[in-house]
Amino acid sequence: MNNLVSVLLPVYNGSAYFESAIKSILSQTYNNFELIIVNDGSSDDSAQIIRQFHDPRIRAYNQENQGLAATLNRAIHLAKGEYLARQDQDDLSLPHRLEKQVEFLRIHPHCGMTGTWAE
């Protein structure tokens with residue numbers, strides 16, 4: 001089955017909040033997604049945090065530090081989903097985020113993107 005959503009999660013020395021960011025995506029009510037994590041040469045324990053997850057929806061990659069733009073471009077290139085969703089290393093997504101965004105885009109095919117309210 002192809003994933004409809006590719007969640008792009010770049011990380012660079014983000015261990016303080018990174019585990020919670022991953023968990024918030026894995027806890028989504030909408031499950032037709034892949035989580036693409038690109039570790040941009042972190043020198044903290046970000047790589048170790050990634051290794052503790054054993055979820056088939058996660059695709060993790062390591063690279064030497066190239067900066068956020070290059071890291072996101074790599075994640076986009078690796079994405080297989082019809083939709084792309086961004087998740088920062090220090091953000092939490094509420095459980096219905098992807099479900100609501102996919103539903104909105106299906107109902108409004110003329111829209112090319114959606115966002116959510118931030119707290």
Side-chain angles (χ1 to χ4, degrees):
M1 173 174 76
N2 290 337
N3 296 307
L4 187 60
V5 179
S6 294
V7 180
L8 314 178
L9 200 173
V11 61
Y12 177 72
N13 292 339
S15 64
Y17 305 103
F18 185 43
E19 182 177 350
S20 295
I22 294 170
K23 286 179 178 178
S24 76
I25 293 298
L26 296 179
S27 299
Q28 293 294 301
T29 56
Y30 182 85
N31 287 306
N32 191 10
F33 69 87
E34 63 178 350
L35 175 57
I36 299 173
I37 301 172
V38 180
N39 181 8
D40 189 30
S42 297
S43 59
D44 65 359
D45 62 346
S46 293
Q48 187 175 349
I49 291 169
I50 296 167
R51 285 192 297 271
Q52 76 183 12
F53 290 94
H54 303 285
D55 189 301
R57 297 172 292 181
I58 296 176
R59 295 174 45 213
Y61 303 87
N62 293 302
Q63 66 185 28
E64 291 188 25
N65 184 258
Q66 297 178 29
L68 181 59
T71 302
L72 283 172
N73 283 333
R74 182 174 185 202
I76 290 168
H77 177 75
L78 294 165
K80 296 179 181 177
E82 181 178 342
Y83 299 124
L84 303 178
R86 280 274 287 114
Q87 175 81 6
D88 286 322
Q89 66 191 20
D90 60 349
D91 286 347
L92 299 177
S93 288
L94 295 175
H96 296 282
R97 173 197 171 186
L98 295 179
E99 180 180 355
K100 288 180 178 184
Q101 289 177 328
V102 168
E103 179 182 0
F104 180 88
L105 290 169
R106 284 183 175 159
I107 293 170
H108 302 91
H110 61 283
C111 289
M113 70 175 64
T114 183
T116 55
W117 189 261
E119 293 182 24

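Between Y30 and N32, the closest side-chain pair of non-hydrogen atoms falls below 4.5 Å. Taking 4.5 Å as the limit, some side-chain heavy atom of Y61 sits within range of a side-chain heavy atom of I36.
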side-chain contact (heavy atoms from CB on, under 4.5 Å), that's the test. Do L68 and D40 meet it? Break it down for me.
CA-CA 8 Å; L68 181 59; D40 189 30; over 6 Å; no
side-chain hydrogen bond (donor to acceptor under 3.5 Å, both in side chains) between S15 and D45, worked out
CA-CA 6 Å; S15 64; D45 62 346; 3.0 Å; yes
For I37 and V7: C-alpha separation, side-chain torsions, deciding distance, then whether side-chain contact (heavy atoms from CB on, under 4.5 Å) applies.
CA-CA 8 Å; I37 301 172; V7 180; over 6 Å; no
Is there a side-chain contact (heavy atoms from CB on, under 4.5 Å) between F18 and D44? Walk through the geometry before answering.
CA-CA 11 Å; F18 185 43; D44 65 359; over 6 Å; no
Carefully, step by step, assess R97 and Q28 under the rule side-chain hydrogen bond (donor to acceptor under 3.5 Å, both in side chains).
CA-CA 7 Å; R97 173 197 171 186; Q28 293 294 301; over 6 Å; no
Chi angles and distances behind the side-chain hydrogen bond (donor to acceptor under 3.5 Å, both in side chains) call for E99, T29:
CA-CA 6 Å; E99 180 180 355; T29 56; 2.4 Å; yes
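Around atom OH of Y17, no more than 12 heavy atoms belonging to other residues, nucleotides or ligands sit under 6.0 Å away. The neighbour count for Q48 CD, taken as heavy atoms of other residues, nucleotides or ligands under 6.0 Å away, does not exceed 12.
Here the CE-CG distance, from M113 to L84, works out to 10.5 Å after rounding to the nearest 0.5 Å. Distance check: I76 CD1 to R86 CZ gives 8.5 Å after rounding to the nearest 0.5 Å. In this structure, the separation between CD1 on I22 and CD1 on I58 is 6.0 Å, given to the nearest 0.5 Å. Atom CZ of F33 is separated from atom CG of L4 by 12.0 Å, given to the nearest 0.5 angstrom.
Here the options are R57, K80, R59, the test is side-chain hydrogen bond (donor to acceptor under 3.5 Å, both in side chains), and the partner is E34; only R59 passes.
Counting all heavy atoms, side chain and backbone alike, G81 lies closest to S6 at N-OG, 2.7 Å.
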